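Take a look at the structure set out below.
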Amino acid sequence: MQPVGSLQRAANKLTPTASCQGGISEAGSCHHCLSHMADDGEKGEGSARQHNENGDNDKKNRSSNGESAAENQALSKRQRKKLLKQQKWEEDRDLRKQRRKEKKQQRRLQRQNREVEPEGDCQSPRKRPRREVTPSSLRLVVDCSFDSLMLIKDVRKLHKQIQRCYAENRRAVRPVQFYLTSLGGQLKQSMDEKDKGWVNWKDITIKTDHYCEVVAKEDLVYLTSDSPDVLEELDQKKAYVIGGLVDHNHHKGITFERAKELGIDHAQLPLNSFVKMNSRKVLAVNHVFEIILAFLEKGSWKEAFFTVLPQRKGAVAVYQDGTIIQEKEEKDSDTDSDPDTPEQTETKNEPFASMDT
């Protein structure tokens with residue numbers, strides 16, 4: 001039941017006034033007043049819709065804020081710190097760029113100042129003084145024709161040894177003429193995969209041909225452990241061949257047999273005359289290569305051996321008569337010692353191999 005005041009106001013709205021110009025309907029109502037009532041109804045409905053939309057938006061905002069808060073709560077402390085660090089990194093991007101620009105300008109000024117300084121000033125400590133290099137006419141050849149006899153892991157070892165030979169020859173005081181022959185198969189594949197820059201190597205002759213097709217036979221000397229001939233001096237006119245084979249003594253004597261088959265000279269380095277080792281007298285390709293480089297520089301086999309031989313070989317110097325220096329010193333210090341025993345003299349000659357690790 002509506003109040004009396006509300007009914008009266010509704011009746012007044014429906015009752016035409018003297019000033020109403022809209023005319024009277026059959027029901028006794030003013031057309032103008034009816035129009036106003038319709039407008040008021042539409043406005044009320046629009047206001048209600050707007051209110052509902054505002055309510056929905058508020059709910060959405062509250063929902064999104066709740067989701068953000070939930071996400072923040074879901075992040076761990078470390079993740080939040082990482083996120084803040086990333087934001088700071090993005091904010092400082094321009095500052096870092098400016099600092100890099102300033103450092104670049106400083107380096108440019110420093111270079112300009114060094115160029116202005118007189119030549120008599122000391123050189124930069126980062127640059128090592130270049131030693132005088134006197135190239136040798138002696139040729140060293142690494143024979144890579146044993147590719148099919150090696151496992152891939154041994155081929156990769158040979159590849160590293162060849163890399164070492166190249167590097168040592170490049171910085172040697174008396175570099176030799178370096179040859180790499182019979183290159184192909186697994187070794188070339190390893191070099192292509194692991195060291196693509198080998199095609200740009202300098203001061204080296206790389207051939208797919210056999211060394212007999214590259215150097216005259218009369219100039220060749222094969223360095224093999226089984227040779228009865230001992231190399232005393234290096235002939236600058238000769239080409240010394242090192243067998244490129246890493247086989248852990250699975251193919252003993254193969255290089256010596258190859259040399260005899262081809263009818264070329266052969267020899268072994270004078271290791272037994274200067275060194276006694278606890279381990280096998282088998283050296284890698286790069287060790288033989290470096291020993292020859294050291295001999296060309298120092299002119300002494302003894303110095304060359306002890307400069308290059310790794311400590312794990314347990315090398316001990318010996319006298320020219322074959323007596324081990326360390327044992328002879330112990331004998332001299334002990335007056336009651338027994339006469340020389342077979343252990344104090346040089347043991348039976350063991351072969352010197354240059355194709356294994």
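Being a predicted model, the structure only gives us computed values, none of them experimental.
- Here the OG1 atom belonging to Thr208 is positioned 8.5 Å from the CD atom belonging to Glu213, to the nearest 0.5 angstrom.
- No single ILVMFWY cluster, assembled from side-chain heavy atoms under 4.5 Å apart, contains both Leu75 and Leu84.
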Report the C-alpha distance between Asp192 and Lys188 in whole Å, list the side-chain angles of each, state the deciding distance to 0.1 Å, and finish with yes or no for salt bridge (Lys or Arg N to Asp or Glu O under 4.0 Å).
CA-CA 6 Å; Asp192 289 336; Lys188 185 178 183 300; 3.0 Å; yes
Checking Lys104 against Arg107 for the side chain to side chain contact (heavy atoms under 4.5 Å, CB included) test, could you report, in this order, the C-alpha distance in whole Å, the side-chain angles of both residues, the deciding distance, and whether it holds?
CA-CA 5 Å; Lys104 187 175 180 180; Arg107 289 195 296 268; 4.1 Å; yes
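- Leu234 places a side-chain heavy atom less than 4.5 Å from the side chain of Trp301.
- Of the charged side-chain nitrogens involved, none lies within less than 4.0 Å of a carboxylate oxygen, so that Glu102 and Arg99 do not count as a salt-bridged pair.
- In this model, a donor atom of one side chain and an acceptor atom of the other lie less than 3.5 Å apart for Glu193 and Gln189.
- For the atom pair CE (Met191) and CD1 (Ile162), the distance works out to 6.0 Å, reported to the nearest 0.5 Å.
- Interatomic distance, Leu271 CG to Ile291 CD1, rounded to the nearest 0.5 Å: 7.0 Å.
- The side-chain hydrogen bond (donor to acceptor under 3.5 Å, both in side chains) search around Ser136 returns Gln236, not counting sequence neighbours.
- In this structure, the separation between CG on Leu180 and OG1 on Thr205 is 9.5 Å, given to the nearest 0.5 Å.
- Annotation for Arg96: atom CZ counts as buried by contact number, over 12 foreign heavy atoms lying within 6.0 Å.
- Side chains of Ser190 and His159: a donor-acceptor N/O pair is present below 3.5 angstrom, by distance only.
- Under the 4.5 Å side-chain criterion, counting only non-hydrogen atoms from C-beta, Val285 is in contact with Cys165.
- Within the 3.5 Å criterion, the main-chain N or O of Leu83 finds no donor-acceptor partner in the side chain of Lys88.
- Of all heavy-atom pairs spanning Val308 and Ala294, the tightest one is CG2-CB, 4.2 Å.
- Checking Gln86 against Glu90 by side-chain atom types alone, a donor-acceptor pair falls below 3.5 Å.
- Two residues are said to be in side-chain contact when any heavy atoms from C-beta on lie closer than 4.5 Å; Leu231 and Leu223 meet this criterion.
- Hydrophobic clustering places Val199 together with Ile204 (ILVMFWY residues linked when any side-chain heavy atoms are closer than 4.5 Å, directly or through intermediates).
- Between Asp195 and Trp201 the shortest heavy-atom distance is OD2-CZ2, 3.4 Å.
- The existence of a salt bridge linking Lys237 and Asp219 is excluded, since no basic side-chain nitrogen approaches an acidic carboxylate oxygen closer than 4.0 Å.
- Residues Val176 and Leu293 meet the side-chain proximity criterion, which asks for heavy atoms closer than 4.5 Å.
- Under the 3.5 Å distance criterion, with hydrogens and angles disregarded, no donor-acceptor pair is assigned to the side chains of Gln268 and Asp229.
- For the pair Tyr179 and Lys207, the minimum side-chain heavy-atom distance is 4.5 Å or more.
- Note on Glu257 versus Lys260: salt bridge recorded, some NZ/NE/NH1/NH2 to OD/OE distance being below 4.0 Å.
- Side-chain atoms of Leu109 and Gln106, non-hydrogen and from C-beta on, never get closer than 4.5 Å to each other.
- Residue Asn169 holds its CG atom at 14.5 Å from NZ of Lys202, rounded to the nearest 0.5 Å.
- Between Pro175 and Val133 there is a side-chain heavy-atom pair separated by less than 4.5 Å.
- By the 30° and 60° cut-offs, the orientation of the rings of Tyr222 relative to Tyr211 is perpendicular.
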Sequence neighbours left out, cut at 3.5 Å: what donor-acceptor pairs do the side chains of residues 144-152 make with other protein atoms?
residue: Ser145; atom: OG; partner: Asp143; partner atom: OD1; Å: 2.8
residue: Ser145; atom: OG; partner: Asp143; partner atom: OD2; Å: 3.1
residue: Asp147; atom: OD1; partner: Gln186; partner atom: N; Å: 3.3
residue: Asp147; atom: OD1; partner: Leu187; partner atom: N; Å: 2.9
residue: Asp147; atom: OD2; partner: Gln186; partner atom: N; Å: 3.0

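- For the atom pair Ile264 CD1 and Arg258 CZ, the distance stands at 11.0 Å (nearest 0.5 Å).
- Closest heavy-atom contact between Lys298 and Thr307: CE-OG1, 3.4 Å.
- Taking all atoms of both residues into account, the shortest heavy-atom contact from Cys212 to Leu262 is SG-CD1, 3.8 Å.
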Criterion side chain to side chain contact (heavy atoms under 4.5 Å, CB included) on Arg164 and Gln161, from CA distance to verdict:
CA-CA 5 Å; Arg164 182 66 179 267; Gln161 293 173 10; 5.6 Å; no
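- Using a 30° and 60° split on the angle between ring planes, His266 and Phe256 fall in the perpendicular class, above 60°.
- Annotation: Phe289 is in aromatic contact with Phe178 [ring centroid separation under 6.0 Å].
- Counting only heavy atoms from C-beta outward, the side chains of Lys153 and Arg156 never approach each other to under 4.5 Å.
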